[in-house]
Student: 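Input: one structure, supplied below.
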Amino acid sequence: MIRLEDVWKVYPHNVKALSGVTVEVTRGEFVYIVGPSGAGKSTFIRLMYREERPTKGAVFIGDTDVSTLPDKHIPLLRRKIGVVFQDFKLLQQLTVFENVAFALEVIEETPENIEKRVTEVLGLVKLEHKAKFLPSELSGGEQQRVAIARAVANKPEVLIADEPTGNLDPDTAWTIMDVLDNIHQLGTTVIMATHNKEIVNTRKRRVIAIADGRILRDEARGNYAYEY
Ligand code: ADP
Ligand code: ADP
């Protein structure tokens, strides 16, 4: 599903964010990416949805090497990959419904299909009753659930989450994990960068630990292990 082959990312001033990373994620996996601040986790994630290009190496999503993908094909890639951020990134002037619908409008769905799918995904994150609310009228946990609904509206094969619980209190963080688990159980491959030690150690899954731009550990049912 996802394969990085000897991936290097060097930012200006010779900052090596990733140094020769090779890793594979199989369809249907749920993977945590852990590591200290500055380890390269966000860079790893940004390479997958082509927010960045590697300095060297290949990044395959399915059969496509996204590192050489022409810009005009990026929208097609983004239909295969949903992304969720720590700070939600909702459009503040649009309602919950409109935020989710927007993701579908840009890929030219019919109004009928949009209405149907938005209702469906708002149901999935249990926010049908807040469809007409603005983001500012929601709690942090609810805003993140809207962001997740938006990210999966296109039924992407992969959901990438960069610190999705980073701005949330512990109880709310668990409700977000429940939503991500549901999406995973529907068959979506999930990749989640996190500092949430409790979640990683409680809901055991594959853990890829990155430090200083390299993969330090890759364990099937790993631990958070270190104090980052
Ligand atoms: P993490 O997500 O694990 O905190 P990042 O991937 O954000 O790590 O950062 C890895 C390294 O790359 C850090 O040294 C960071 O300062 C640097 N870096 C990240 N993004 C950029 C950028 N856009 N330009 C320059 N340096 C960057
Ligand atoms: P959570 O348990 O998800 O953290 P909160 O206790 O923060 O939720 O919020 C409880 C309810 O109050 C939510 O349903 C939310 O819609 C509403 N709410 C939270 N913040 C605001 C706000 N700034 N304006 C209007 N309603 C709000």
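Please read all numbers here as calculations on a predicted model, not as lab measurements. Both counts, for ligands and for their atoms, begin at 1 and track the order of listing.
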Student: Do the side-chain N and O atoms of T172 and D169 include a donor-acceptor pair separated by under 3.5 angstrom?
Tutor: yes
Student: Does only the side chain of T43 get under 4.0 Å from ligand 1, or the backbone, or both, or neither? Count heavy atoms.
Tutor: both
Student: Suppose we measure from atom 14 (O) of ligand 1 to each protein heavy atom; which comes out shortest, and what is that distance?
Tutor: V15 CG1, 3.6 Å
Student: Among all protein heavy atoms, pick the one closest to atom 20 (N) of ligand 1 and tell me residue, atom and distance.
Tutor: R46 NH2, 3.1 Å
Student: For atom 3 (O) of ligand 1, which candidate among K41, H13, E52, K16 provides the closest heavy atom?
Tutor: K41
Student: To the nearest 0.5 angstrom, please state how far the CD1 atom of I33 sits from the CD atom of E163.
Tutor: 11.5 Å
Student: Do R205 and Y32 pair up side chain to side chain, a donor and an acceptor below 3.5 Å, judged on atom types alone?
Tutor: yes
Student: Can you pull out the closest protein heavy atom to atom 19 (C) of ligand 1? Residue, atom name and distance to 0.1 Å, please.
Tutor: Y11 CE1, 3.3 Å
Student: So among V59, I160, V23, D162, which one has a side-chain contact (heavy atoms from CB on, under 4.5 Å) with F44?
Tutor: V23
Student: Do ligand 1 and A39 have nitrogen or oxygen atoms that lie under 3.5 Å from each other?
Tutor: yes
Student: Would you say I208 and F60 are hydrophobically clustered, going by side-chain heavy atoms of ILVMFWY under 4.5 Å?
Tutor: no
Student: State, without any angle test, whether T194 and N196 hold a side-chain donor-acceptor pair at a distance under 3.5 Å.
Tutor: no
Student: For atom 8 (O) of ligand 1, grab the closest protein heavy atom and report residue, atom and distance to one decimal in Å.
Tutor: G40 N, 3.0 Å
Student: For atom 2 (O) of ligand 1, which candidate among G213, S42, A193 holds the nearest heavy atom?
Tutor: S42
Student: How long is the span from the CD1 atom in I74 to the CG atom in L69, to the nearest 0.5 Å?
Tutor: 6.5 Å
Student: Show me which atoms of ligand 1 lie under 4.0 Å from any heavy atom of S37.
Tutor: 4 (O)
Student: Among protein heavy atoms, which lies nearest atom 4 (O) of ligand 1, and at what distance?
Tutor: G38 N, 2.6 Å
Student: Check each atom of ligand 1 against the heavy atoms of A17 and keep those under 4.0 Å away; list them by number with element.
Tutor: 10 (C), 11 (C), 12 (O)
Student: Would K9 and K16 count as a side-chain contact (heavy atoms from CB on, under 4.5 Å) if you check the C-alpha gap in whole Å, the side-chain angles of each, and the deciding distance to 0.1 Å?
Tutor: CA-CA 6 Å; K9 180 65 187 181; K16 294 195 180 75; over 6 Å; no
Student: Quick one about T22 and D6 (side-chain donor to acceptor, distance below 3.5 Å, no hydrogens or angles considered), yes or no?
Tutor: no
Student: In the complex you have, is atom 12 (O) of ligand 1 within reach of the protein, judged by whether a heavy-atom distance drops under 4.0 Å?
Tutor: yes
Student: What are the atoms of ligand 1, with element, lying closer than 4.0 Å to any heavy atom of P36?
Tutor: 3 (O)
